[in-house]
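Since this is a predicted model, take the numbers as computed values, not measurements. Residue numbers start from 1 in every chain, and the chains themselves are labelled A, B, ... in the order their sequence lines are given, proteins ahead of strands.
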Amino acid sequence: MKYKGFFVLIITLFMSSQLFAYEGGDVSNGGTVSGKAIFKGAAPARAAIDVTKDKEVCAATEHLSDLLIVSADNAIKNVIVSIVDIEKGKKIEAPAANPELDQNGCVFIPHVIAITAGTTIDILNSDAVTHNVHTYPEENTAVNKAQPSSLKRISIETEFGEEDPMKVACDYHGWMSSWVGIFEHPYFAVTGDDGTFTIDNIPAGAYEVKAWQEELGELVKTVAVKAGETTTENFEFEK
Amino acid sequence: MNELLRKIIEVLTLSQIWRSFFRRKHDGSKRSNVLAVVGNFFMHFHPIKIKRHAIAVRYTWCMGGFTFFMFLFLTLTGLLLMFYYHPNVRDAFWDVKDLKYNVAFGKILRNSHRWGAHLMVITVMIHMVRVFMTGSYKAPREFNWVLGVLLLLLTFLLSFTGYLLTWDQLGMWAITVGTNMARATPFIGHEGPFGEQLGMTAYNDIRFALLGGSMVGPNALIRAYIWHCVGIPLVVAFMAAVHFWRVRKDGFSGPL
Amino acid sequence: MIFKNKLEEDKSYAPLFLALSGILMAVLIWVIVDEAVIIRPWKGYQKRFYKLEKEFLFNKVLDERAAFEKTDDYKNYLDIKAKLDQATERYNSKDVKKREKELIAELNRLKKKELKPVTSKLISARNKKLEIEYDFGHHPKKKDYYLKKIKDIEADIAKYESQQSSLVKKKDAITQNISLVSADVQKYTAELKQYTGVIDSIDAKYEAVKRKRPTLQVYQTFIPELDEADRCMSCHSGIKKEPGISDENPYKAHPDRDYYIGNHPVEKFGCVVCHDGQGRALTSVEEAHGEVEYWLTPLLRGKNAESSCIKCHGMDMDFEGAKTLAKGKKLFTEKGCYRCHETKGFQALEESELTGPDLTNVAYSTKPNWLVAWIQHPKHLRPDTSMPNFDFSRDEAEAIATYLWKVSEQTTENFNSPQFSASEIDEGRKLFSTKGCYVCHSDGNEGLDFAPNLFNIGEKLNYDYAVNWLLDPKKYQPKSVMPNFRLSENEARLMAAYLMTLKTNKEDKQQHTFDMSLADAGEKLIQRYGCFSCHKIKGMEKVGRIGVELTKIGSKAINFLDFGVLEHELLHEVGIKYGHENVGLTRRTWIKNKLKEPRIFDEGRYKLPKDKLRMPNFEFTDDEIEALSVFLGGLVEQEIPSNFVYKPTEKKKDYNDGFKVVEKFNCLGCHQFTLDTITLNNGSVVEGVIKKEKKGKVYFQLWKESKEFKKGPGQTVRFKKDDISIHEKGIGAKVAGVLTANLIKDHGISEKEVVNYLPPRLYGQGQKTQPAWLYGFLKSPIILRPWYKTVMPTFNMSDEEAEKIVKYFAIRDGAEYPFEYIKEKNRGYINDQERKHSDYMAKAGELFNSPTVNCISCHIRGDVMPEGKPSDWAPDLAISKDRLKPEWITNWLTDPQTIQPGTKMPTFFSKGMYQDIMPGDPEFQIQAVKTFLMNFNN
C-alpha cells in the first residue's frame with residue numbers, strides 16, 4: 001500500500017503522457033523564480049467561522065476563517081504559484097508518501113496544497129463526527145464519500161491536471177473547504193506564513209507565472225528565466 | 001449439262017408427289033396458265049382474263065385493292081399484337097406500354113397497326129370517291145355500292161372498337177361519348193324518344209347492350225375486344241367476299 | 001414508269017418496284033437499327049456501369065494488395081517464401097533426390113522381403129496356437145502332449161514377435177529419414193499457409209473482377225399489389241451496389257443506401273412507389289422518368305421524393321430520412337392550414353390544439369390600438385407570430401376590431417396600469433427571470449421562442465387581465481399550453497407590473513374609441529375571411545370552412561389549378577411551356593407560387609370584389625415553402641395495400657405519442673432528456689456530458705460505462721477534440737444558460753452551487769420513479785426540493801396526456817410498466833427477514849438514524865426539515881416508498897455518483913463499515929435500509 005501512490009502516479013503519467021506530453025528529464029544549469037505574495041492595503045482581519053452543525057465537536061476550539069490569511073506585514077499565505085503550460089523540464093518525482101489533508105476540528109489542515117497529477121491524496125478524519133469528502137474538479141472525476149469517524153483515512157486519486165485548483169469540501173459542514181492545485185508538471189509552490197515561494201531548476205526561457213488565491217483571484221506575469229540565476233517576481237494582490 | 005438439268009426437271013415434275021402438289025403442268029401453255037388461276041383456292045376468285053381498261057391505274061386508282069391489302073395487313077399485325085395484349089382493365093393500358101417499351105419490334109408493330117387503321121379509312125374513302133367519280137355505282141352495280149357503304153360503316157366500327165382497347169383517357173372518353181349518343185336512339189335508347197314508354201332504362205337499353213353495363217368498364221373493354229378482333233372482322237370477311245364476287249360478276253366498269 | 005400509249009403487257013413496272021423496294025429496305029434497316037440500338041439506351045448505360053464497376057473493384061483489389069504489402073505479414077511472407085524456394089531447390093537437387101530414392105527403395109525392400117514374411121509367419125503361428133488350444137481342451141487325456149506343443153508354439157511366437165518389432169523399428173527409422181529429407185520444404189509450406197490465406201483471397205477477388213460481366217439485360221422488379229413493373233435498374237445498375245463506383249447518374253449508388261434501401265429493399269418495394277416516374281419505360285431517359293406529356297406521376301427529384309413517405313408511413317414522420325417532409329407537416333400543423341382547408345387526418349387536432357387564441361374576451365384583455373394595428377398587419381407588431389397578413393386596409397381592420405369589441409363577453413375601459421416603484425418592477429423582473437418564464441417566452445433580451453415573444457406585451461395587454469391571466473391561464477384560454485405557476489396574488493401583480501413595462505414605444509397614445517356602426521361591416525369581413533377558423537369568436541363557433549379541401553392536393557388535376565393569366569410566365573420560369581409537359585412540376589409550381597403570394601393569381605384579371613382570392617399571406621421563407629410543397633405533394637390519391645403500410649410496434653407508437661406530448665408542453669425547455677453521445681475516430685462511443693473543453697482537449701464525464709476507456713459512470717475521461725467523429729448533442733435543457741445566468745445575478749447563487757437549482761435531468765427517469773407516482777406528479781406537481789427558485793408548474797394536462805408521458809419514459813428507459821412488484825412492502829417478506837436476522841427492521845432503523853449515516857441531517861422527512869440552509873437539503877424521504885423504484889434506491893445507495901454525477905449525496909456503504917450496528921456486507925446493509933425506507937411511516 002505504501003507504494004500504491006507511486007505506481008498509480010507512474011501509470012497515470014504514462015497514460016496521460018499521450019495527451020499532455022510534459023517531458024521530464026535532466027535540467028542542467030536551471031534558473032530559479034522566487035518572490036512573495038503581497039497584499040495591497042490594510043491586512044484584513046480573519047473572521048471567526050460560524051459553526052451551524054455538530055457544535056460539540058466543531059465549536060470546541062474556535063477557528064478563524066482561512067479564506068484569506070494575510071500576515072501583519074501583508075504577506076499572503078496559501079497562494080499557489082505555478083508556471084503555466086511548461087512542456088519540458090525537470091523530472092517529476094513522486095512524493096515519498098501521499099500528501100494528507102486532515103479534517104481536524106471541522107477544518108481542513110492544511111488549507112491549500114499543490115501536487116502533480118497522478119498523486120494520491122489521503123484525507124484523514126481526526127474528528128468524532130462524520131464528514132464527507134466531496135471534491136469539485138473541473139477535469140478530474142469527482143468524488144463524494146462519507147467518512148465517519150471510524151474511517152480514519154480515505155484515498156483520493158487524481159489523473160489529470162486542473163486548470164484552476166480543485167476544491168475539496170465537506171457538505172455536512174458547509175464552511176469546510178480546502179484547495180488542491182493539480183499540475184502535470186513539477187513547477188509549483190505554495191506560499192507559507194511568510195508569503196514567499198521558490199521554484200527552481202527551470203530551463204532558461206520566458207514563461208508565464210500564475211499566482212492564485214481563492215478569494216483574490218489570480219495574477220499572471222511573464223518572467224524571463226536565466227540559466228543559473230534567480231529571478232525575483234512579487235505578486236501584489238488587492239481586493 | 002443442260003440435258004442433265006432438263007432430264008432432272010422432267011423426272012421431278014412428272015413424279016406423283018409433284019403432281020399431287022401442283023395439279024397443272026408448268027409448260028407455259030395457255031391451258032396451264034388458266035389452271036394456275038382457276039385451280040388455286042386462293043386465286044380462283046380472280047378473273048383469268050381481264051379487260052385492258054380494268055387495270056388503268058389512272059382510272060381505278062387501285063384504292064379498293066389497297067384497302068383490302070390494308071385490311072390484311074391490319075389482320076396480321078393485329079394477330080401479332082394479340083399475343084401481348086390482355087383485354088382486362090388491370091393489364092390493358094400497361095400491355096400497350098409494354099409493347100412500346102419492352103417487346104422486340106413492339107413499337108413498330110403497334111404503331112403500324114394504328115397508322116394502318118388510319119390509312120385504311122383514308123383509302124376506303126378515296127375508293128368511294130373514285131367509284132362515285134367513275135359512275136361505277138350505277139346499274140347494275142347498285143347492290144355492290146350498298147355493300148360498300150356497309151363495309152365503310154364496318155371499317156368505322158373497327159376503328160371505334162379498337163380505340164377503346166388502349167384503355168387510356170382518349171379511348172375511354174371517346175367510347176363514353178359514342179355510347180352516350182347511343183342512349184338517345186329512338187325506341188331502343190333510354191333517353192331517346194319513346195324509349196321510356198317501351199320500358200327502356202339505363203340497365204336494359206342499347207347502350208347497356210353495347211357496354212355490357214351502365215358505365216364504360218371491364219365489360220365494355222372485353223366486348224370491344226371481341227367485336228374488334230372476331231365479330232366485325234368475320235362480318236367484314238363475308239361482306240368483302242360478296243363485294244369482290246359482285247365485282248367479278250358485274251365486271252369492271254368501263255371507261256367514261 | 002407508266003407510259004400512256006404503251007400496252008399494259010409491255011409496260012415495265014421495274015423502276016417503280018425498285019424504288020418501292022429501296023424504300024422498304026431502308027425502312028427495314030431503320031426499324032432494325034431503331035429497335036436494336038436507338039430505343040435501348042439502357043444497354044449503353046449498363047455497359048458503362050460494368051466497366052466502371054470493374055475499374056473500381058480492380059482498384060480496390062490493388063489497394064488491398066498494396067496495403068497488404070505494406071504490412072509486416074507481407075515481409076514475413078516473402079521471407080518464408082524465399083526460404084521455401086531455397087529448400088525446394090535443395091530438395092530438387094540430384095543428390096537429395098537420389099538419396100530419397102534410395103531410402104524409399106530400401107524401405108520397400110524391407111517391407112516386402114523381410115517384414116512381410118515375418119508378419120505372415122507370426123499370424124499363422126498365432127492361428128496355430130489357437131488350434132492347439134482347442135485341441136488341448138478337446139483331448140483332456142493328452143494334456144501333456146498338447147501343453148508341450150503350446151509351449152513350442154509360444155516360443156515361436158515370441159521369436160517372430162521380437163523379429164517383427166526390430167524390423168518395425170528399422171522401418172520407422174528409414175521412414176523418419178525419408179521425411180527428414182523433405183522436412184524443410186514441408187515446414188516452410190506449412191508456415192506459408194498462414195499468409196497465403198490473405199494472398200489467396202486477394203487473388204481470388206482479382207480473378208473474380210477479371211471475369212466477364214453479366215449479359216446486358218433488362219432488370220425488372222414486378223410488384224403485383226402495386227401494379228408496378230419497375231425497370232429502373234436497367235439503367236441505374238449501380239443503385240443497390242456499394243457506393244464509390246461513380247458519382248454521377250445513372251451509375252451511382254443510392255444516397256444513404258443502407259438507410260433507404262436497407263429499410264426498403266428493392267425486391268419488395270421497387271423504385272416507383274417512392275420516386276414516381278414511368279417504371280415500365282425503357283426507350284429514353286425522359287420516358288423512363290415520366291417527364292413526358294400527360295404522364296400523371298413524373299419523377300420526384302431530390303427532396304420531393306420524401307413526399308411519398310406519407311403513403312405508407314402516414315403522418316408519423318419523425319425519422320431521419322424525411323426531415324423536409326416532417327418540417328412541412330410541422331408548419332402545416334402549427335400555422336393551422338387544416339383549419340381553413342379540410343384535410344383528412346387533421347380533424348382531431350382541431351379540438352385539442354390551439355392555433356389562434358380565443359377572442360371571446362378581447363375587449364377585456366387587449367388595448368384597442370394594439371387590436372386594430374394587429375389585425376392590419378400582425379407581423380409588424382410581433383415578427384414571429386403565426387397569424388398571416390390579410391392585407392386589410394385601416395378601415396377594414398377597424399371594422400373587424402369593432403365587431404370583436406362588440407361581442408366580447410368581458411370588457412374594460414381602463415387601459416392604464418397602476419403606478420409601481422422601480423424596486424417593485426425589479427421584483428417583478430426577478431420573478432419573471434426565475435419562475436421559468438424564459439423557458440417558453442422571450443422578453444426581447446433573452447429567453448426561448450416556444451411561446452410568443454413578450455417584448456412589447458405592455459402595449460397589448462391590460463393590467464387587470466395580465467394579473468388574472470398569470471394566476472390562471474386556462475380560465476381565459478382553455479386550449480392554451482401555458483401552465484399555472486401557482487403564483488400568489490402579490491407575485492402575479494408584481495410580474496404583471498414588470499410585463500407592463502415591456503414596450504417599444506414609451507409614449508402612451510390615446511387609445512382608439514370604437515364606432516359601433518362599423519360592427520356590421522366588420523362581421524361581414526370576418527365571415528368572408530374566415531377568422532373563426534382559427535379563433536373562437538362568439539356566435540361563429542359552428543361555421544364551416546372557407547378553403548378548398550387539401551386531402552388529395554398532391555393528385556389534383558392541373559386543369560383544376562387556376563393559374564389566372566400567369567400560366568406561361570410561371571411555367572417558363574421552371575423551364576416548360578405547357579402544364580401537361582410535366583404534370584408534377586406544374587402542380588408544385590402552382591402550390592409554391594400560391595404559398596409565396598396567395599393572391600397572385602388575381603393579377604391581371606378583372607374580378608368582382610366578392611370573387612377575389614382571400615387566402616392571407618403567411619410570409620413563408622423559401623425553405624418553408626419547399627417543405628410545405630413536399631408535404632402537400634404527398635397527399636395523394638394512391639391507396640397502398642395494407643401489407644406495405646408501415647406498422648410501428650406498439651412500443652414505438654407509444655414512444656412517439658409520448659414524445660409528441662413532451663414536445664407539446666415544451667418539457668425540453670427545462671429538462672435535459674438525453675445526454676451527449678460522442679463517437680470517436682477509433683469507433684468507441686461515450687455517453688455523458690462535457691465537463692470542460694480546454695486547449696483542444698475535452699474532459700468528458702461518463703454517465704454510462706465505457707468499455708474502451710475501462711471506466712464507469714461518474715468518472716471522467718479525456719480525449720482530444722480532433723478525435724471526435726460524431727457529436728450527438730443531448731436534447732433538452734434549452735433554458736439552462738439563461739436560467740443559470742439569472743439565478744446567479746438575481747439570487748446571488750454561486751457558480752458552483754447553481755447546478756443544484758436547475759431543473760433535474762430526466763435521464764433514466766423511467767428507471768427512477770414509480771409510474772403511478774409520476775402520473776400523479778404530472779397531473780399535479782408537488783414541491784420536491786423546497787430550495788428551488790424555479791419550480792415545476794401545473795400543466796393541467798389531460799389524463800391521456802399524462803399517461804402518455806409516463807409510458808414514454810418507461811419505454812425509453814426499458815422499465816416495467818405499469819405495475820411492478822415491490823417485495824419490500826410485503827409483510828411476508830419482512831417477517832421472513834426478521835426470522836433470518838433478528839431485529840432486522842430495528843437495526844435498519846438504527847443504521848438509518850445513526851450519527852455516522854444520519855440520513856435526516858440532510859433529507860427532509862415529511863414535515864421535519866433538516867438543519868442548515870435549504871440549499872444543503874435533500875428530497876423528502878417520506879415519499880420514497882411511493883415515488884422511487886426499489887432497484888433505483890439500491891443503485892443510488894451503492895454509489896450515487898454513478899447515477900447523478902456531482903450529487904451532494906456521499907457514498908456511505910463500503911466493505912467493513914457499520915459492522916457495529918448491522919453486521920454484514922454493503923449489499924445486505926443497503927437492502928435493509930431500502931426495506932426500512934419502503935415502510936417509512938414517519
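Contacts classified as ring pair (Phe, Tyr, Trp, His ring centres under 6.0 Å) and involving residues 79-130 of chain B (residues at least two apart or in different chains) are given here: B:Y85-B:Y225.
Around the NE2 atom of B:H46, the shell of radius 6.0 Å holds no more than 12 heavy atoms that belong to other residues, nucleotides or ligands. No more than 12 heavy atoms of other residues, nucleotides or ligands lie within 6.0 Å of NZ in B:K25, so this atom counts as exposed by the packing criterion. Residue-environment remark: CE (B:M82) exceeds the threshold of 12 foreign heavy atoms within 6.0 Å. The number of heavy atoms from other shown groups lying within 6.0 Å of CZ (B:F71) is above 12. Enclosure of atom CH2 in C:W295 by more than 12 non-hydrogen atoms of other residues, nucleotides or ligands within 6.0 angstrom is indicated. The environment of CZ in B:F66 is sparse: at most 12 heavy-atom neighbours from other residues, nucleotides or ligands sit within 6.0 Å. The local environment of CZ in C:F222 is crowded, with over 12 non-hydrogen atoms from other residues, nucleotides or ligands closer than 6.0 Å.
The CG atom of B:L170 lies 8.5 Å from the OH atom of C:Y294; values are rounded to the nearest 0.5 Å. One distance of note links CZ of C:R231 with CG of B:D98; it measures 4.0 Å at 0.5 Å rounding.
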Donor-acceptor pairs are to be reported for all side-chain atoms of residues 156-163 of chain B against protein atoms at under 3.5 Å, with residues two or more places apart or in another chain.
residue: B:T161; atom: OG1; partner: B:L157; partner atom: O; Å: 2.9
residue: B:T161; atom: OG1; partner: B:L158; partner atom: O; Å: 3.1
residue: B:T161; atom: OG1; partner: B:H228; partner atom: ND1; Å: 3.2

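Heavy atoms of B:A56 lying under 4.5 Å from chain C are absent altogether. In this structure, the portions of B:I55 lying under 4.5 Å from any heavy atom of chain C include both its backbone and its side chain.
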Pair B:I108, C:E35 - check side-chain contact (heavy atoms from CB on, under 4.5 Å), show working. CA-CA 9 Å; B:I108 194 161; C:E35 182 62 41; 5.6 Å; no
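Contact residues of residues 638-646 of chain C toward chain B are absent (heavy-atom distance under 4.5 Å). Taking non-hydrogen atoms and a 4.5 Å limit, the residue list of residues 279-291 of chain C in contact with chain B, ordered by number, reads C:R280, C:A281, C:L282, C:T283, C:E287.
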